[in-house]
Every structure is written in C-alpha cells, then in structure tokens.
Amino acid sequence: MGKAFDPSLIIEFIPTLFHYLGVTLQILAASIFLGLILGVAAAIPRMFKIPILNQLVILYVSFIRGTPILIQLFLVFYGLPAVLQIIKIDVSKLEAIYFVIITYAISNGAGFSEIFRGAIRAVDKGQTEAAYSVGMTSTQNFFRIVMPQALRIAFPNVANSVIGSLKDTSLAFTIGVMDMMGRGDTLISATAHALEVYISLSIIYYSVVLLFEKTLGKLEKYFNRYQKADLSAAA
Amino acid sequence: MTIDIPFIWTAFKEIIKSLPITLILTLVPLAIGFLIGLTVALVRIYKTRFLYQAANGYVSFFRGTPIIMHIMVIYYGIPLLIDQVSSKFDLNIQTNKIPIILFVLIALSLAAGAYLSEIIRSGIISVSTGQLEAAYSVGMTKYQAMFRIVLPQALALSIPNFTNLFVGFLHTSSIAFLVSEKELTGAANIVASTNLKFLEAFIAAGIVYWGLTIMVEGISFLLEKKVTSYSRGGVS
Amino acid sequence: MINLKGIKKSFNKSEVLKGINLKIEKGEVVTILGPSGSGKTTLLRCLNFLEKPDGGMVQIGNIKVDTEKATKKEMLTIRKQSAMVFQHYNLFAHKTVLQNVMEGLIVAKRVKKKDARYRSELVLEKVGLKDKLHHYPSQLSGGQQQRVGIARALALNPEVILFDEPTSALDPELVGEVLSVIKTIAKEGITMVVVTHEMSFAREVSDRVLFMDGGVIVEEGTPLEIFHAPKEERTRRFLQRISGDSFFPPLKERVN
C-alpha cells in the first residue's frame, strides 16, 4: 500500500496538480453556463403549466434529483453515443471532457430550474400588485420588478450549486478526463505516493472552494445591499 | 450499439442484491454523523473555548473538499498510520486485513457530521429566541431549555434539510465503488464489464437509485406532516 | 367621473360584493368604512382590476369597461387611470425611493427619464422625503415608506388615488405623519377613495362617507350625517363599537 509517508511530497505535488486546475474550471464554467440556460428553459413550462412539457420537466428534475452524479455521468458517456447513432451522428471520437460538461450541465439545469421557480414564487405578491397599480403590463412587471428580486433570492442557492458542482467535478476522471484528479491518478501510478497526492488535491480544492465562497459571499452582500436583514442566512 | 432492454431487467436483479451495502454506507454514516453533528453544532452555538475554532475548522474543511478526498485520504492514510504505530510498539496489526468498508464508513461519517452540524445549527438558530425566553421564564435551565424546547423544534424544522442530506449521502455512497466496494454502483460496474453492456447496467442502477430516492422523499413528506403538525395553519 | 354599476365579486362561492353601484365626482374625497370582511378592500381592488369583478361595469374618466368582457388591454387602460396606496406599502424592494417613484412614470407613462426624475423629486419633496431619495425602502421607517407609497401614486397624476388602509400597518406614533400628508393632497382637489379605520380622519377629510357591510353599501352621506345621525342600525352599532360611546356625542348635545 504505497511507500512511507513523505510530507515534503505534498508541497512538491501541488504545482504539478495546480497546473490542471484550468481544466476543472473549464468544466465548471461551461456546465454552469449551459445549466443556467437549461434551468431557465425548464422553469418556464413549470411556471406556466404548459401541458406535456410540464410533466417532462417534472420527470427530468425528479430523475436528476434521484440518481448519483456518477451514474448520470456513466449514462451520458455510454448512452449519448447510442442515442446519437440513431440519428447517424458519430460521437465516439468526442473527447471525454465534453461528456462531462454535458452531464454536469444537465444536472445543474435541473437544480437551477427548481431554484428559479422557488425564487420567483418567493417574491412578495404585493410587489406585483404595486407594479400593476402604477400601470405596468405583466411582462414589464416580470422583467422589471419580479425577476431582479428573484435573482437576489436565488443567488445564495445558485452559489451553493456552483460550489457543489466544483466539488463534483472531482469525479470526472472516472471517464478518463485529465483534470486535477486525472493528473493525480497518473501521479499515483508513477510515484506510488497516493496519500500525498490526495492531500495535495484536498489542499487545492479547499483553497479554491474558500476563494469561491469569499467571492460569492461578497457578491451576495452586494445584491443584498437594499435588504436590511440578511434573509438568505436563514434559508 | 443498440440497447438490450431485457438485459436491463437481468442487470437490475443482479444489482439489487447489493442494496444492503448501499444502505449500510448511507445509514451508518448518517447515524454517526448525527452524533458528531449535534455535538459540533452545540460547540459552535455556545462558542465553547478552544473547541469552537476546531469545530469551525472541521466543518469548513469537510464541507469545502470533495467527499472522494475524504475517502481516499482515510483509505490510504489510516493504514499507514496504524502500520507506523504498530511497528513502533510491536503490535503486529495487519492493516490489509481491515475491511475496506470500515475506511469508507469513517470517511463518510466525518463528512456527514460536518454537513449535519450545519443543518442542526441553522435549525437551532431559526427557532425564535422567544421560545428560549419562555423556557427560562418557567424556570428551565439552559440545558433543559435547549434539549426540551429548542432542539425538538429545530430538528422538526430541519426535516427537509435532513431529507436532502439523506438523498445526498445515498448518492454519495456510489463513490465507494472507486475503492472497489461492491455497492449498487460497484455491482453495476461489474455487471457492465462482464457482459460488456454498460448502458443497460447503469440504466438499471439509475432506476434503483431513483426508486430509493422517491421512497425516501415520500417517507420524509409524511414524517414532516406528522412532526410539524403543531405548527400547521400558522402564518409563517 | 367614476361610475360603478352592479359590481359583483365572489371568492370560493362566498359573495363578497353583491352588486355595488357608486358614483364619485371629480375632486371628491370618499372614505369607505365597515367591519372587516365587509368587502371594502375588495371594492377598492375591483376599481383597478387587482381583483377582476365577476360582473358589472367600471368607468373611470372616459374609459368604460364591461367587466365580464374585459380584455387585458382594457384592464391595463383602466389601471392607468388610477394609482394605489397599499396597506403594506409594497414599495419595490430592489429600488431606491427615487426609483420607486420614477418607475411607473418611465415604464407605464413613458415619460422621459429626466422629466420623470424632476417630477419625482417634486412629489417626494411634497411628502417631506427630499433627503431620502437614494435610500432603499428597508432603510426607512414604516411612516416614511408609506409616504413614498403616496408619492409614487401622486407622481402618476392619476384620475383617482385609491388608499387601502394606508395607516393600519403603522405604529401609532407614525400614523400622524402619513395622515397629514394625505390631508394635504386631499385639499388639492385630487379625487380619492380611502378605505380606513381612522374615524377622526374620515370625519375631517371626506366629502362623503360610505358604510359597507356584508357586500353592500349600507349607508352613505356626509361625515356629519354618518357620524352624528346614522340612519341604519348597523352603522350605529359599528360606530359605537369602534369608537366607544363617548367619542362621538350625538349632534344635539353638542349644539346645546
């Protein structure tokens, strides 16, 4: 089970692994961006109760909530080529990272759609009434009054999802993506110092998560500047 | 590549046999984690000296790193530690005889403790201070007020969060397959690679997890209705 | 000016408004009194279609709408004739005081930003909040928030301003500042419909008082008539319960 523990290796490994942080962040950024679009698209049929689409979205959200990300990753990795083959698209040569991005986008989309829906419903009904009372149309009310406030309400949850997603990217190596974890795997094969590699990786992940938390926390404060009480802390 | 639908059922029957391991990997960490989480939450609420910083650090670190790291560090780290101790004192413990599941359980328990402490803490905070003051006003001690008045309400309020965490850990237990634990995902992986039918096997595994999740959420819904019956029809 | 004919409204089969007929002249200040559940707030909300009446006709100014066939566009046009001051202020939480007042002008009335700003500052000065232009609602007291609410309504220069219990969510010591602002604008000849529990305010400011109970207008008249010589038993009992026996002595004793 590996060689004797050598703490100095931890420091030595960090720069090597850190080099691959870019891949991790790429996966994160792409999947969050696509997830946001998907989330909005999925929230609309739910809010306006569009028949069939509504049921499909419920099923989609339930499935994503109901299965581990690892299973979702495998399903996309093995399933997407099979599905696309039916319409004669060959993706067998597509790099693994795209499968990861697609999986995490689908996964984030489900979560975001629920967050958005909840946030819009959480905006006080009096706001809409006031908007109508000054003569706004329902579209004007939605974009000028409800949505800006819903975004504020949704923000802490979206931020949590981003951080959760960042941690989840650590599973991308299971289908052969060369991110930090993937590089860590090859380091272990080369040096047999698994423990040191995982400690290095933990340090990097922890630092990045702390940085994200700080930044997102600051942003949240900015969004809440017109709120006296910090409502999001109670949620 | 076509999908062999009957094989999904074959795989399902094979995979479901591993359900007990997944359940152990979910329930044991949550049970131990609850005790850790409650202790840590109280330490953080009462700002106990020295322990307070340690508790904060523990929660922050475990929530801030992927759970796969906890599993890997403990899986590789504890044997090394035991080996060193045992060679120093000639204890002659053979670490390769320790079942792997034990390492996974320790790692998941520590992670669960961190997440649960956050849930319990925010539950306690969300019980109004009026409840605490009322408890003091009828002559309860700090301890009585916490355990008789505040905690029961805090835990009831936290049921939706507990459910989310339960489902989260049910899903997280799938990571154990990476250290060759034969739980649901591990079993699916074996079925997949022996028959070279990956998609079918993982569809079957997905169905098992999905079904379990729906069951857990259903039970939690009923439980919440029952436990929070005292506050039904309230304004909040 | 305002004309309601046969306004009906039910919630879950219980009839809240049982065919209301009401005419209000330009510049008139009308207060609506009545016990809770009498339908007074619903009536107010039917006037600007925050509740869509089940039947009847609503006319404000030159705009006339048959409620049963009201289109979205007609509802919006009627709404633009009025402005409302809410019980819970309902200020836009994500906008500053000035933006709150400007919002309706820019979006609904399509006033140029510069002009909207000028007009908003003017009305905010009138309600005594010139020094709070860039505060957010959460940074204001309830009384200040409600004065912003009044400014927001006033800025639109509507045919009529609807007040829905504008002081009932306020702490007692803050009621005065809001009432005095409403009194000031009442004197300027703006048409107002006020649902309130403030009896002395109703008596002092209104041209006409309506008493509602059980979804109908039980009695209407000048403040003098309603407060000192109510004809209906229901009105008398309500006033007695609200104010106690001694508060409004019968007119005769006073004259003596």
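All values derive from a computational prediction rather than experimental measurement. A note on names: the letters A, B, ... follow the listed sequences, proteins ahead of strands, and every chain is numbered from 1.
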Residues 175-187 of chain B side chain polar contacts: donor-acceptor under 3.5 Å, at least two apart:
from     : atom 1 : to       : atom 2 : distance (Å)
B/Glu183 : OE1    : B/Thr185 : N      : 3.2
B/Glu183 : OE1    : B/Tyr209 : OH     : 3.3
B/Glu183 : OE2    : B/Thr185 : N      : 3.3
B/Glu183 : OE2    : B/Gly186 : N      : 2.7
B/Thr185 : OG1    : B/Tyr209 : OH     : 2.8

### Query
Given a strict heavy-atom distance threshold of 4.5 Å, which part of A/Ile199 is in contact with chain B: side chain, backbone, both, or neither?
both
### Query
Which residues, numbered in order, of residues 56-69 of chain A come under 4.5 angstrom of chain B by heavy-atom distance?
A/Leu59, A/Ser62, A/Phe63, A/Arg65, A/Gly66, A/Thr67, A/Pro68
### Task
Anything under 30° is parallel, anything over 60° is perpendicular, the rest tilted; go ahead and classify B/Tyr76 against A/Tyr198.
parallel
### Message
Working note: A/Lys218 + A/Glu213, criterion salt bridge (charged side-chain N to carboxylate O under 4.0 Å, His left out); need CA distance, chi angles, decisive distance, verdict.
### Response
CA-CA 8 Å; A/Lys218 280 219 174 97; A/Glu213 276 177 352; over 6 Å; no
### Task
Taking all heavy atoms of A/Ile120 and all of A/Ala150, pick out the closest pair and write down the distance.
CG1-CB, 3.7 Å
### Query
Going by the angle between their ring planes, with limits at 30° and 60°, are B/Phe198 and A/Tyr78 parallel, tilted or perpendicular?
parallel
### Task
Tell me, with the steps shown, if B/Ile120 and B/Phe162 meet side-chain contact (heavy atoms from CB on, under 4.5 Å).
CA-CA 9 Å; B/Ile120 296 170; B/Phe162 285 137; 4.2 Å; yes
### Task
State, to 0.1 Å, how close A/Ile101 and A/Ser31 come at their nearest heavy-atom pair, and which atoms those are.
O-CB, 3.8 Å
### Residues of residues 211-222 of chain B within contact distance of chain A, non-hydrogen under 4.5 Å
B/Thr213, B/Ile214, B/Glu217
### Query
Going by atom types only, do A/Tyr206 and B/Ser60 share a side-chain donor-acceptor pair under 3.5 Å?
yes
### Message
If I compare all heavy atoms of B/Val127 with all of B/Ala154, which pair ends up nearest, and what's the gap?
### Response
CG2-N, 3.6 Å
### Query
Relative to each other, are the rings of B/Phe202 and A/Phe74 parallel, tilted or perpendicular (30° and 60° limits)?
tilted
### Query
chain A: which of B/Ala201, B/Pro66, B/Ala205, B/Ser174 shares the most heavy-atom pairs with it under 4.5 Å?
B/Pro66
### Query
Quick one: which residues of residues 165-187 of chain A reach chain B at under 4.5 angstrom, heavy atoms only?
A/Lys167, A/Ser170, A/Leu171, A/Phe173, A/Thr174, A/Met181
### Query
Can you name the closest pair of heavy atoms from A/Ile188 and A/Ala194 and give their distance?
CG1-CA, 3.7 Å
### Task
Answer yes or no: are there more than 12 heavy-atom neighbours, outside B/Lys13 itself, under 6.0 Å from its atom NZ?
yes
## Note on the structure
Heavy atoms of B/Phe12 and B/Ala204 approach each other most closely as N-CB, 3.7 Å
### Summary
Heavy atoms of A/Ala105 and A/Leu38 approach each other most closely as O-CD2, 3.7 Å
### Task
Nearest 0.5 Å please: distance from the CG atom of B/Leu110 over to the CD1 atom of B/Ile67.
11.0 Å
#### Entry: Interchain contact, B/Asn189 with chain A, by part (heavy-atom threshold 4.5 Å)
neither
### Task
Select one option (side chain, backbone, both, neither) describing which atoms of B/Val73 are under 4.5 Å from chain A's heavy atoms.
both
### Message
If you count heavy-atom pairs within less than 4.5 Å of chain A, which of B/Gly77, B/Ala188, B/Ser173 leads?
### Response
B/Gly77
